[in-house]
Amino acid sequence: MRITFYWDVLFLVNFLSGIVVFIITSYFCSIKANVLRICLAAMLESILFLFLLGSPSVLTGLSGVLCLLGTTFGVTIIAYGVEKCVYCWFCSTTIMFLIGSIMNYAKMITNQTVLSICGWLVLFIGSTVSCLFLLLYIKKSKCNRKHMVSCIVENNGKIEKTVAYVDTGNLLKDPLTGRFVVIISKEIIAKCLEEAALKIVDAYEKNGYLNYESTLFYDLQKKYGFHEITYQSVGNFSGKLLCIYIEKIEVMEEQSVFERQPVAVVDPKLFENKAYQALLFDFEA
């Protein structure tokens, strides 16, 4: 069987794919992309690819593996420099492998054996978009896992375990103590309160204010320090939240313990479909 190579098509497809892969790698490796260096690396990679394709014997054995590694490593250094070259090489190789796998799978399920240059470009663009969505999802999941911590809420002899998100944007402070406030779901707090205190929380949620004249409120005020705090979120939305003091909140990963910690009790709907039930503050702030 005779195979015909269209060198111009192969060069163009590899050149464009190289540029796209290098740009995506720059984003995920948090490196400022130099367009000139990326284009130069993509062009050199395409030329070397055509040379290796025309001389398949070079790719055989250990020498072939070393040749491929040297080629990919070399163009990675040209694109990004020596710093982080190993990490960038690993990322770019993985991205190229993913795109190539998606393209091969698409060709297989569509029974396409021969493609025009337009067909190659459409297939490449579609595969790249699919790969990009996958990588963005992975990066988002990794970022969330990095910022999520295990917490132990201890109060009134009760212990409740939950997961919290370290939110650097949570700048809410308790005006009475000047300490940062933990925003936590009522669902978690309700399990750590006695029935009388929970009634006050329920009443505030229902009425929107604290009944300072209530005997029940007076009896529990010293223990919990019921008070309101104001907040302002993105979009200039503002309002009030009920703030109480919890005996202890322990953050396992940080090995930090916060005693008599002010917490703002919020509707559980705020954390609906999320893997965490509380918003912590920046520990380094």
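Each residue takes its place number in the sequence, starting with 1. Keep in mind the model is a prediction, meaning the values are calculated, not measured.
Glu250 is not listed as a side-chain neighbour of Glu154, based on a closest heavy-atom distance of 4.5 Å or more. The shortest distance between side-chain heavy atoms of Ile183 and Val263 does not fall below 4.5 Å. Using a 4.5 Å heavy-atom cutoff, the side chains of Thr177 and Pro262 are in contact. With a 4.5 Å cut-off on side-chain heavy atoms, Ile189 and Asn155 do not count as touching. Under the 4.5 Å side-chain criterion, counting only non-hydrogen atoms from C-beta, Phe281 is not in contact with Arg179. The side-chain heavy atoms of Phe271 and Leu279, taken from C-beta on, include a pair separated by under 4.5 Å. Taking 4.5 Å as the limit, every side-chain heavy atom of Val265 sits out of range of all side-chain heavy atoms of Glu205. The shortest side-chain heavy-atom distance between Leu193 and Asn156 does not fall under the 4.5 Å cut-off.
Distance CD/Glu160 to CD1/Ile184: 9.0 Å, rounded to 0.5 Å. In this structure, the separation between CG on Asp174 and CD1 on Ile244 is 11.5 Å, given to the nearest 0.5 Å. To the nearest 0.5 Å, atom OH of residue Tyr204 and atom SG of residue Cys243 are 10.0 Å apart. Distance check, rounded to the nearest 0.5 Å: CE of Met252 to OG of Ser150 gives 7.0 Å. In this structure, CD1 on Ile38 lies 13.5 Å from CE on Met43, to the nearest 0.5 angstrom. Note that NZ of Lys199 is 10.0 Å distant from OG of Ser214, once rounded to the nearest 0.5 Å.
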Item to check | Candidate pair Val153 and Lys158, rule side chain to side chain contact (heavy atoms under 4.5 Å, CB included), full reasoning | outcome: CA-CA 8 Å; Val153 182; Lys158 300 177 183 178; over 6 Å; no
Item to check | Check against side chain to side chain contact (heavy atoms under 4.5 Å, CB included), Lys248 and Gln261 | outcome: CA-CA 6 Å; Lys248 184 189 298 183; Gln261 172 62 40; over 6 Å; no
Item to check | Residue pair Glu194, Tyr224: steps toward the side chain to side chain contact (heavy atoms under 4.5 Å, CB included) verdict | outcome: CA-CA 11 Å; Glu194 61 259 43; Tyr224 290 102; 2.3 Å; yes
Checklist entry - For Phe258 and Val251, what are the C-alpha separation, side-chain angles and deciding distance, and is it a side chain to side chain contact (heavy atoms under 4.5 Å, CB included)? => result CA-CA 8 Å; Phe258 303 97; Val251 182; 3.9 Å; yes
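Hydrophobic clustering (side-chain heavy atoms under 4.5 Å, transitive across Ile, Leu, Val, Met, Phe, Trp, Tyr) groups Leu270 together with Leu241. In terms of hydrophobic clustering, with Ile, Leu, Val, Met, Phe, Trp and Tyr side chains grouped at heavy-atom distances under 4.5 Å, Leu242 and Leu216 are assigned to a common cluster. Under the 4.5 Å side-chain heavy-atom criterion for ILVMFWY residues, a single connected hydrophobic cluster contains both Leu44 and Ile23. Cluster membership check: Leu40 shares its hydrophobic cluster with Phe15, using side-chain heavy-atom separations under 4.5 Å among Ile, Leu, Val, Met, Phe, Trp and Tyr. Follow the hydrophobic side-chain contacts under 4.5 Å out from Leu176 and you never reach Leu172; the two are in separate clusters.
What you find for Glu228 and Tyr209 is that their closest heavy atoms are OE2-CA, 4.0 Å.
Sparse packing is recorded around NZ of Lys161, with 12 or fewer heavy atoms of other residues, nucleotides or ligands lying under 6.0 Å away.
Applying the side-chain hydrogen bond (donor to acceptor under 3.5 Å, both in side chains) test to every pair with at least one member in residues 264-274, sequence neighbours left out, gives no pairs at all.
Remark: Tyr218 engages no residue in a ring-ring contact (aromatic ring centres under 6.0 Å, His included) (not counting sequence neighbours). Checked against ring-ring contact (aromatic ring centres under 6.0 Å, His included), Tyr245 has the following partners two or more places apart in sequence or in another chain: His227.
A donor-acceptor contact shorter than 3.5 Å links the side chain of Gln221 to the backbone of Phe226. Of the possible polar contacts, none joining the Asn211 side chain to the Phe217 backbone as a donor-acceptor pair under 3.5 Å is found. Side chain of Tyr80 to backbone of Phe22: a donor-acceptor contact under 3.5 angstrom is found.
By the 4.0 Å N-to-carboxylate-O rule, Glu247 lies too far from Arg260 to be salt-bridged with it.
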